[in-house]
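What follows is a short report on a single structure.
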Amino acid sequence: MRILGTGSYLPQNKLSNEDLSKLVDTNDEWVVSRTGIKSRHLVKDENTSDLATKAAKAVLETTGVDVRDIQLVIVATSTPDVFIPGVAHQVLKNLHIPNAMAFDVNAACTGFIYALDVATSLMQTHAFKYGLIIGAEAFSKVIDWHDRNTCVLFGDGAGTVLLENHQEKNQIIYTSCTAIPDVDDVLKSGGIAVNNPFNRQKTDNFFLGMKGQEVFKFAVRVVCESVNKALVETGIDAQAVDYYVLHQANSRILDHVAKKLSVPSEKFYSTLEDTGNTSAASIPIVLDVMDRKQLLKKGMKIVLTGFGAGLTYGTILIEW
Ligand code: UT7
């Protein structure tokens, strides 16, 4: 399995910490020191499927792969435009992909890792030639813009990788995804309440609720656990990994993990300053930014680790 290319797309409108301080009682110093975030991109006239389509279009353009050869489209998202059809099906329509297996994956912020894991297996099972694996979120839709505990953290965007089922070259060395029950509801959004002739409830709101410190502790613990398991099972030393591309939630989580693994923090590339937390889109966005900056060289070992609501987490080790 080979990663033929990457793509990403961020909406044009940017909201700075300074802008946010006019909406809620916050300030740039607090947000930067606690999270590393300075601004985030937010949708205006676009929705998740537009972001996914634009990221996918970018990788199709750079690789030159014909849409008729795409046999798999997976979109990792927890903020679809609508319940039906899936974002993957909207991408199919927008890009004129005539015929492909297409579906969405919701594993919250770990969604892209789950999608890449599932895609690797599916492409082998069905001998699919090319697959588009996309992480796309318009997370701003589920944010309460009066809640300073959450609204400073998130942003919108999309990232993608184009996978090629290559017989000689295998870049996906290791995959592992898991979930544990979120018994204390530390990370959760609202949804649609039951409303039928037997039960007429009011529709709930969609806002995200979070117990920040609990999520922080969970993140540091499971990321270290998941990365260490990957290293032990592949026999690769932590120092031999060239980059650690973690889900972008908070720069302090990246620093804590770097310290616990005794790895220099420079190996933890981050886009947080400009993007905030884009949930399932964050890992493929980082990969695309790094690729465009020509930081990724052939043979480099890269650890991708996601964590998030569910509670989900997972690691994929790739060789560039
Ligand atoms: O994809 C996964 C999603 N989530 C995460 O990864 C989140 C993980 N957690 C975190 O990143 C951190 O817990 C936060 C950045 C969310 C919060 O940082 P913290 O150091 O855990 O702060 P805290 O929640 O303990 O709050 C400290 C103080 C509180 O005031 P008091 O009670 O001490 O007076 C908060 O009300 O900071 C206050 N506060 C703020 N102040 C200014 C909370 N949010 C803000 C804000 N601006 N935006």
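Every number for a ligand or one of its atoms is a count from 1 in the order of the listing. Every value quoted in this text rests on a predicted model; they were computed, and no experiment measured them. For the numbers below, each heavy atom of this structure counts, side chains included, while hydrogens, waters and symmetry mates do not.
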Exceeds 12 heavy-atom contacts within 6.0 angstrom, atom [atom1] of [X]:
| X | atom1 | result |
| --- | --- | --- |
| K44 | NZ | no |
| K188 | NZ | no |
| E273 | CD | no |
| H41 | NE2 | yes |
| K293 | NZ | no |

Subset of ligand 1 atoms that lie under 4.0 Å from at least one heavy atom of [X]:
| X | answer |
| --- | --- |
| T35 | 15 (C) |
| I253 | 6 (O) |
| N250 | 10 (C), 11 (O), 15 (C) |
| V152 | 48 (N) |
| R34 | 19 (P), 20 (O), 22 (O), 27 (C) |

### Task
Take K14 and D274 through the test salt bridge (charged side-chain N to carboxylate O under 4.0 Å, His left out) and record every step on the way to the result.
CA-CA 9 Å; K14 279 176 85 167; D274 173 55; 2.9 Å; yes
### Task
Look at ligand 1 and say whether L20 reaches it with a heavy atom at a distance under 4.0 Å.
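Distance cut 4.0 Å: L20 fails for ligand 1.
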### Message
If we only consider heavy atoms of V31, is any one of them less than 4.0 Å away from an atom in ligand 1?
### Response
no
### ligand 1 contact on V24 by region, counting heavy-atom pairs under 4.0 Å
neither
### Task
For ligand 1, note which part of T26 has a heavy atom under 4.0 Å away: side chain, backbone, both or neither.
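Near ligand 1, T26 shows its backbone as well as its side chain.
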### Query
Short question: side chain of T63, backbone of L4 - any donor-acceptor pair under 3.5 Å?
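Such a contact is absent between T63 side chain and L4 backbone.
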#### Entry: Main-chain N/O of T79 paired to T48 side chain as donor or acceptor, under 3.5 Å
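Indeed, once roles are kept as given, a pair shorter than 3.5 Å links the two residues.
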[Y] and [X] side chains, donor-acceptor separation under 3.5 Å:
| X | Y | value |
| --- | --- | --- |
| S270 | Q248 | yes |
| D104 | T77 | no |
| D50 | T53 | no |

Exercise check, heavy-atom protein proximity under 4.0 Å to [atom]:
| atom | result |
| --- | --- |
| atom 29 (C) of ligand 1 | no |
| atom 34 (O) of ligand 1 | no |
| atom 14 (C) of ligand 1 | no |

Distance to 0.1 Å, residue and atom name: give those for the protein heavy atom nearest to [atom].
| atom | answer |
| --- | --- |
| atom 3 (C) of ligand 1 | N277 ND2, 3.6 Å |
| atom 5 (C) of ligand 1 | V215 CG1, 3.6 Å |
| atom 39 (N) of ligand 1 | W30 CZ2, 3.4 Å |
| atom 18 (O) of ligand 1 | R252 NH2, 3.7 Å |
| atom 6 (O) of ligand 1 | A249 CB, 3.3 Å |
| atom 4 (N) of ligand 1 | M210 SD, 3.2 Å |
| atom 21 (O) of ligand 1 | Q213 CG, 3.2 Å |
| atom 36 (O) of ligand 1 | R148 NH2, 2.9 Å |

### Query
Heavy-atom distance under 4.5 Å between the side chains of T315 and L304, does that happen here?
no
### Query
Can you tell if the side chain of N47 reaches within under 4.5 Å of the side chain of V43, non-hydrogen atoms only?
no
### Query
Taking both backbone and side-chain atoms of F154, is any N or O found less than 3.5 Å from an N or O belonging to ligand 1?
no
